[in-house]
Number of protein chains: 2
Amino acid sequence: MADITLKKLAELLNLSISTISRSLNDDYQINQTTKDKVIALAKELNYQPNPYAGSLRKKGSKTIAVILPEVANNFFSLAIDGIEEVAQKNGFHVLIYLTHENYLKEVDIANHLMNGRVDGILMSLSSETNNLEHLDKLIEKGIPLVLFDRVSDKINSPHVTTDDFEVSQKATEHLITAGSKKIAFLSLSRYLSIAEKRFKGYSSALKKHDLDLDEKLIVSLTNSLEENYENIKKLIIEEKPDAIFASVESLAMTVYEVVNDLKLKIPNDIKVLSFSNLRIASFLAPSLTSINQPAFEIGRQATSILTRAIKYGKFETPLEKIILKSELQIRNSTV
Amino acid sequence: MADITLKKLAELLNLSISTISRSLNDDYQINQTTKDKVIALAKELNYQPNPYAGSLRKKGSKTIAVILPEVANNFFSLAIDGIEEVAQKNGFHVLIYLTHENYLKEVDIANHLMNGRVDGILMSLSSETNNLEHLDKLIEKGIPLVLFDRVSDKINSPHVTTDDFEVSQKATEHLITAGSKKIAFLSLSRYLSIAEKRFKGYSSALKKHDLDLDEKLIVSLTNSLEENYENIKKLIIEEKPDAIFASVESLAMTVYEVVNDLKLKIPNDIKVLSFSNLRIASFLAPSLTSINQPAFEIGRQATSILTRAIKYGKFETPLEKIILKSELQIRNSTV
DNA sequence: ATGAAAGCGCTAACAC
DNA sequence: GTGTTAGCGCTTTCAT
């Protein structure tokens, strides 16, 4: 079946291409009878406008890009769900790109999106990302950019995050109240402001309770499960923390594995607490005290800001910086 | 910063547009010095070809679509990971569409992809999908389509699945050997051939061990967590099965919730086994006996078949029907 | 109320 | 080795 174009419809109906185009776009000038005829035939032949011709002509592609560190992750997959919902409702197509926590890949992807392929970009930074020139270039180009979760304050764009400082402080205090004195802090990055905020929440809680900040208890991990396993094992053996605060879900999983292999008991020997969107956290052995982020809602709101900016040609000023609340769910891994 | 086009480069260098185009495409006829000059300037100005102009002209968009029932799901998010990897390596952009297990949405999405937006489609059917005309139309249009996991034998396309019948039979036999006599079977759909294969594996194991197939133990569930909770609760209370075989991970999660609320014990009161790609299945209380599918590899292979078909303009014949092996991991929920 | 024609940015015949 | 030109399918002025 050959592609059906405006031209073909025009020939079939003995009308000009522009009349067809206008009918399909419900132009007020066109005779209703003509319109009906055109629409009927278009439907019958399942006419689908060529998106590239339209994009070339009109500018605007009704497409957004989502750049993520990874997708096999409860937080990000929930966020995509929210993104896709709002995008679909507003008629946007969603392109997905994964950086795998690789800064160079992130730059590369950003550079390839400067050509009009997308009308806007949603992004969560890779853990390696420190330099933000690639994002500045995007903004200079006038491509709307909204960051979420892994954001940066050094970039002039709206963003959606959670109350990382407050909830981390609260979580750390919970550990202290439960009797912990040597709390280790695990994170994925030393660069991201989200990591910094979580860390500051942690350290501020320590200070408030007159506990010293011990550098040896602060561990930066990577994308490699094996490396993380070894480093966490080393941490537990050498430093003997009585609690671990994992700032990322996957690290908590590894902690469970290490603790199990070392034949230690949670929470007696060591308490564990983590940011996590695991649906069955309550059925883990022991159930995991979690900081649950509203991932779906983060995705929704970020996309909503983006699509509005695309529609109106600019962001609302001042730039929206939305902070949603996370929830601390206390379970058996800490009490 | 205004967009930089071939025309602009041509003006700047006092060359014709086609010379610029050819230089950038490394045409053999062009003088090396000219080429170098053009390439240097293009790089300096960060020239990015307009993808829509190219697609309009050349046909082919270097874009594939992935149509999925959902993404907040360990299986599908791992599959996306594999898809994205192969796509990126072959220079393809990945559009993602979610059907939320809704047949009409699936049809709608398929219809909107018949206009050249994508060069090919990867798809896993929604649980509601019974009629496949929308896919036939795609194939008629000449758009390469590769199904994975949730496939259908009624459609003339390559696909990638796992050994659903064999592993389901093996899993059911494992339950029988462990002493179960009333094994309930939970699934999401009565239409999909994958559901049928898993069911047949289950029923064939029953027959082999002279156990009767009891219709009341076969339950079709939906997309709604609440409904599923109630239906599973009803099943357990009324039929008192001594084991449950969940053919989808999310159903196993709900089973854990129901069993817990009913104050029953796994595996003593009731054994549980499920298809699942949960990384921490071994840390559940009790650890979950799982059928683990190679989700990442499924995504990779499906994409590899698709990109090859796009490259060569047709699928290899006979159509590839790849079957990868799943792995039954026996844990405490069944022994 | 409809048609003719220009042009979006690019590639590829076809000149020279 | 480089330039000229047509045309991909569409929207949108400008005519009529």
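A, B, ... follow the sequence lines: proteins, then strands. Residue 1 opens every chain.
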Query - Polar side chain donor-acceptor pair, Ser126(A) to Thr129(A), under 3.5 angstrom - result: yes
Query raised in the report: How many Å lie between CD1 on Ile20(A) and P on dT12(D), as a whole number?
Result: 16 Å
Query raised in the report: Got a donor-acceptor contact below 3.5 angstrom from the Glu101(A) side chain to the Ser127(A) backbone?
Result: yes
Query raised in the report: Across the strands shown, which category fits Tyr28(A) at heavy-atom distances under 4.0 angstrom: base, sugar-phosphate, nothing?
Result: nothing
Query raised in the report: Do NZ/NE/NH1/NH2 and the carboxylate oxygens of Asp81(A) and Arg300(A) come within less than 4.0 Å?
Result: no
Query raised in the report: Asn46(A) and Gln48(A): side-chain donor and acceptor closer than 3.5 Å?
Result: yes
Query raised in the report: To the nearest Å, how far apart are Leu6(A) CG and dT12(D) P?
Result: 12 Å
Query raised in the report: Which whole-number value in Å describes the distance from Asn115(A) CG to dG9(C) P?
Result: 12 Å
Query - Distance test, side-chain N/O of Ser16(A) to OP1/OP2 of dA4(C), below 4.0 Å - result: no
Query - OP1 or OP2 of dG9(D) under 4.0 Å from side-chain N/O of Tyr47(A) - result: no
Query raised in the report: Does a side-chain N-to-carboxylate-O contact under 4.0 Å join Arg308(A) and Glu320(A)?
Result: yes
Query raised in the report: NZ of Lys7(B) versus P of dC8(C): gap in Å, rounded?
Result: 5 Å
Between the protein and nucleotides 12-16 of chain C, which nitrogen or oxygen pairs are less than 3.5 angstrom apart?
from: dA13(C); atom 1: N6; to: Arg22(B); atom 2: NH1; distance (Å): 3.3

Query raised in the report: Can you tell me if His134(B) and Glu106(B) form a side-chain donor-acceptor pair at under 3.5 Å?
Result: yes
Requested in this report: Give the rounded distance in Å between these two atoms: OH of Tyr52(B) and P of dC10(D).
Outcome: 16 Å
Query raised in the report: Who are the ring pair (Phe, Tyr, Trp, His ring centres under 6.0 Å) partners of Tyr47(B), not counting sequence neighbours?
Result: none
Query raised in the report: Rounded to the nearest Å, what distance is computed from the CG atom of residue Leu56(A) to the C1' atom of nucleotide dC8(C)?
Result: 4 Å
Query raised in the report: Quick one: is dG9(C) close enough that its OP1 or OP2 comes under 4.0 Å of any side-chain N or O from Lys8(B)?
Result: no
Query raised in the report: Between Glu11(B) (CD) and dG9(C) (P), how many Å, whole number?
Result: 11 Å
Report task. Report yes or no: do Arg117(B) and His112(B) form a side-chain donor-acceptor pair below 3.5 Å? Result -> no
Report task. Please work out which residues in residues 30-40 of chain A have a non-hydrogen atom less than 4.0 Å from an atom of DNA chain C and list them by number. Result -> Ile30(A), Asn31(A), Thr34(A)
Report task. In whole angstrom, give the distance that lies between atom CG of Asp27(B) and atom C1' of dT2(D). Result -> 11 Å
Query raised in the report: Any side-chain heavy atom of Tyr97(A) within less than 4.5 Å of one from Leu68(A)?
Result: no
